[in-house]
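Side chains are part of it too, since the values below use all heavy atoms of this structure and drop only hydrogens, waters and symmetry mates. Start at 1 with the first residue, then count along the sequence.
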Amino acid sequence: MTPEEVVDAAFAGFITGDPSAGLAHCAADARWHPVTPGAGYAESLPVARYFSEALPMWLGKHADYSFEVVERSTFDDLVISKVRSNIGSGVMVSRVKDDKLTDIWSINNNGRDSVDGF
């Protein structure tokens, strides 16, 4: 799989409510790193914990959440995705090594609906 395909496959599982499908594309020690405030958590978490605890709680508050990748670039093992959602926008930086997601940095635009300036 390409790094972009790994990221897409992992996030498809998480967003559709199938964390085990998403985690199949993650390294055992993968971490989720919040960069900006507003995501409902403050510390870096193991991806397994984030997607089994924090994300379901967050999606419970935003049951109609949807997003699209509006632009994507890949640099070595990093996949940079500009994302627009129905509640805001931001950037996701994902590291992929050996066909597994190892780190995800979440940079949100604090509720603004534009990814301009990123």
| Main-chain N/O of Met92 paired to Lys82 side chain as donor or acceptor, under 3.5 Å | no
| remark: Here the pair of heavy atoms bringing Ala48 nearest to Leu23 is CA-CD2, 3.7 Å
| remark: Residue pairs meeting ring pair (Phe, Tyr, Trp, His ring centres under 6.0 Å), one or both in residues 89-109, sequence neighbours left out, come to His33-Trp105
| request: Please name the pair of heavy atoms, one in Trp32 and one in Val47, separated by the smallest distance, quoted to 0.1 Å. | output: N-CG2, 3.7 Å
| task | Work out which heavy atom in Val93 is nearest to a heavy atom in Ile107; give both atom names and the distance. | result | CG2-CD1, 4.4 Å
| Separation of Ser94 OG from Phe11 CZ (nearest 0.5 Å) | 5.0 Å
| query | If you look at every heavy atom in Val70 and Val83, which pair is closest and at what distance? | reply | CG2-N, 4.5 Å
| task | Just jot down the side chain to side chain donor-acceptor pair (under 3.5 Å) partners of Ser73, sequence neighbours excluded, or say none. | result | none
| said: Using the side chain to side chain contact (heavy atoms under 4.5 Å, CB included) criterion, which residues pair with Ala9? Sequence neighbours excluded. | reply: Met1, His25
| request: Kindly indicate whether the side chain of Ser81, heavy atoms from C-beta on, has any atom under 4.5 Å from the side chain of Glu71. | output: no
| remark: Distance col, row Ser44:OG vs Arg49:CZ, nearest 0.5 angstrom, shows 10.0 Å
| Do any pairs count as a salt bridge (charged side-chain N to carboxylate O under 4.0 Å, His left out) and have a residue in residues 1-11, sequence neighbours left out, and if so which ones? | Asp8-Arg72
| said: Run the salt bridge (charged side-chain N to carboxylate O under 4.0 Å, His left out) test against Arg95 and tell me which residues pass, sequence neighbours left out. | reply: Asp77, Asp103
